[in-house]
Trainee: 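Sharing a structure here in structure tokens format.
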Protein chains: 2
Amino acid sequence: MFPKTIGMPPPKQKIETPDPLDVPKAVVNRLSLYLRELRHLLRAQKMTVSSSELGSLLGFTDAQVRKDLAYFGHFGHPGIGYRCEELINAIRSILGTDQEWTVAMVGIGNLGRALLGYRGFADQGFHVVAAFDSDPEKLHRQIEGVPIYHMDRLTEIVRQHNIRLGLICVPATTAQKVADRLVEAGVAGIVNFAPVTLSLPEEISSVGVDLSTELEQLSFSVANRDHSR
Amino acid sequence: MFPKTIGMPPPKQKIETPDPLDVPKAVVNRLSLYLRELRHLLRAQKMTVSSSELGSLLGFTDAQVRKDLAYFGHFGHPGIGYRCEELINAIRSILGTDQEWTVAMVGIGNLGRALLGYRGFADQGFHVVAAFDSDPEKLHRQIEGVPIYHMDRLTEIVRQHNIRLGLICVPATTAQKVADRLVEAGVAGIVNFAPVTLSLPEEISSVGVDLSTELEQLSFSVANRDHSR
DNA sequence: TACTGTGAAACGGTTCACAGCC
DNA sequence: GGCTGTGAACCGTTTCACAGTA
């Protein structure tokens with residue numbers, strides 16, 4: 001059930017790290033949701049939470065919550081449940097959001113500007129330190145405190161700030177070109193808001209967010225009345 | 001493998017409709033991706049596509065593509081593949097995007113305004129016909145041709161236009177209240193951009209889009225170098 | 001008593017492999 | 001030959017049920 005390596009686990013580590021490839025994607029997704037819920041709970045002065053409480057808040061079973069967390073270590077206290085603050089720290093460490101991430105945004109259209117104004121990113125440790133556009137009209141200004149540069153300076157600035165993530169907010173037609181530039185500049189991960197499938201090298205992680213796709217899922221549910229969620 | 005009812009299938013229907021609850025959520029998601037890819041192909045004058053071509057464009061196996069489509073009918077032509085235009089129409093019909101959907105947007109902050117300017121919605125048949133905000137500053141103007149109303153008029157306008165979907169673009173703290181108002185007004189589905197879990201009646205479909213969650217998935221992949229996607 | 005952690009069973013989705021068709 | 005549609009095998013995830021712990 002744990003790493004394929006037969007050796008014993010290291011003496012006593014705070015957070016166990018099974019081969020990440022062994023962790024289902026769905027588990028990582030739920031981790032984010034647990035984290036969100038735990039913050040709400042802590043803000044409401046709740047110090048401790050059981051797997052069944054946390055689960056029912058999100059529509060999951062208690063066993064699922066426990067199994068998910070058990071992939072990474074032993075965070076619970078029998079008879080007590082999970083201490084919210086402790087678990088928050090553990091999940092942040094697992095997700096890697098206990099470190100600060102520097103982010104570049106490419107494309108300062110409607111969506112790009114909106115995201116620059118979104119406080120939620122910084123709250124989770126994601127700092128947009130530079131934005132890029134190829135339209136000379138938009139240059140040399142700052143938006144929401146973020147400096148705007150011409151696309152020509154992408155590699156230079158990415159390296160200078162050691163930027164590790166890129167957000168693609170350009171139209172579908174230019175998204176692949178932008179992705180190639182970001183990869184060349186050395187980012188490790190990409191969030192793609194354009195409605196196209198990017199082809200990227202193996203070693204680059206990516207997440208696609210397509211708003212039309214989300215609406216289509218909803219349309220299907222409503223049209224077929226499947227009462228989902 | 002098909003409906004539990006043992007009777008024979010109806011004589012010859014264009015699109016078979018198994019109990020939607022039997023269709024895995026993941027399948028519906030991929031349908032959206034197929035649709036997106038098919039449009040690109042058709043725009044590039046490709047008339048016909050095989051399951052293996054379509055699959056490899058998206059990183060799926062050929063069998064997966066065929067199985068997914070076979071949930072809904074027999075759209076392929078042995079020896080030929082799938083005709084792009086035909087399949088586009090079939091998928092649109094399955095997803096329900098062959099009909100027009102009227103949409104209300106609530107919350108005209110950064111994100112709300114950006115989405116009002118997003119052309120992609122209208123292209124897929126989603127029409128935002130009214131936007132709402134509780135800030136009197138923002139009233140009586142139009143943005144991107146969409147009229148803005150005060151929240152007080154939500155029920156009235158939703159009923160008047162027979163609006164069926166709602167987009168929640170308000171902060172987390174007010175999202176649940178807005179959701180309750182939308183449900184009361186009679187929408188059938190909700191897209192929630194606020195980082196909270198909504199509690200909704202069974203019969204309302206919903207989709208949550210949380211940008212921080214997406215970034216966290218990416219952060220995990222990069223931090224654990226799992227080369228995902 | 002109240003709860004976690006976890007093997008084992010159950011479930012559901014994906015892949016395989018091939019019959020059938022153009 | 002090329003390709004779809006699909007039962008069956010396979011595999012990964014979820015749920016069950018209970019031993020273990022404070």
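A note on names: the letters A, B, ... follow the listed sequences, proteins ahead of strands, and every chain is numbered from 1.
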Trainee: What's B:Ser52 touching, base or sugar-phosphate or nothing? Going by heavy atoms closer than 4.0 Å.
Mentor: nothing
Trainee: So which nucleotide from D:dT14, D:dT4, D:dT15 ends up closest to the side chain of A:Ala26?
Mentor: D:dT14
Trainee: In terms of side-chain heavy atoms of B:His74, which of C:dT14, D:dT14, D:dG5 is nearest?
Mentor: D:dG5
Trainee: Could you give the CG-to-P distance, from B:Asp62 to D:dT4, as a whole number of Å?
Mentor: 8 Å
Trainee: Given C:dA2, is OP1 or OP2 found less than 4.0 Å from the side-chain N or O atoms of A:Tyr82?
Mentor: no
Trainee: From C:dT14, D:dC3, C:dC3, pick the nucleotide closest to the side chain of B:Pro78?
Mentor: D:dC3
Trainee: Specify the separation, in whole Å, of atom CG of A:Asp68 and atom C1' of C:dT6.
Mentor: 14 Å
Trainee: Starting from C1' on D:dG1, measure out to NE2 on B:His77 and report it in whole angstrom.
Mentor: 19 Å
Trainee: Using whole Å, what does the distance between atom P of nucleotide C:dG5 and atom CZ of A:Phe72 come to?
Mentor: 14 Å
Trainee: Over how many whole Å does the gap from B:Phe75 atom CZ to D:dT4 atom P extend?
Mentor: 14 Å
Trainee: Scan side-chain atoms only and decide if A:Arg66 and A:Ser51 contain a donor-acceptor pair under the 3.5 Å cut-off.
Mentor: yes
Trainee: Less than 4.0 angstrom between a side-chain N/O of B:Gln64 and OP1 or OP2 of C:dT15, yes or no?
Mentor: yes
Trainee: Round to a whole Å and report the spacing from CD of B:Glu53 to P of D:dG2.
Mentor: 13 Å
Trainee: Rounded to whole angstrom units, what separation is found between the CG atom of B:Leu69 and the P atom of D:dT6?
Mentor: 12 Å
Trainee: Quick one: do A:Arg225 and B:Glu203 make a salt bridge, cutoff under 4.0 Å?
Mentor: no
Trainee: Mapping A:Gly79 and A:Arg30 to their closest nucleotides on DNA chain D, which lands nearer the 5' end?
Mentor: A:Arg30
Trainee: Looking at the base of D:dT6, is there any donor atom on it, or on the side chain of B:Lys67, that sits under 3.5 Å from an acceptor on the other one?
Mentor: no
Trainee: Can you tell me how far C1' of D:dC3 sits from CG of B:Leu87, to the nearest Å?
Mentor: 15 Å
Trainee: Pick one: which of A:Asp180, A:Val183, A:Ile190 meets side chain to side chain contact (heavy atoms under 4.5 Å, CB included) with A:Leu198?
Mentor: A:Ile190
Trainee: Under 4.0 Å: is that the gap between some side-chain N or O of B:Arg66 and OP1 or OP2 of D:dG2?
Mentor: no
Trainee: Answer yes or no: is there a donor N or O on one side and an acceptor on the other, between the side chain of A:Ser56 and the main chain of A:Ser52, under 3.5 Å?
Mentor: yes
Trainee: Using a 4.0 Å heavy-atom cut-off, does A:Gly76 contact any base of the nucleic acid, only the sugar-phosphate backbone, or nothing at all?
Mentor: sugar-phosphate
Trainee: For the side chain of A:Gln217 and the backbone of B:Asn29, is there at least one donor-acceptor N/O pair under 3.5 Å apart?
Mentor: yes
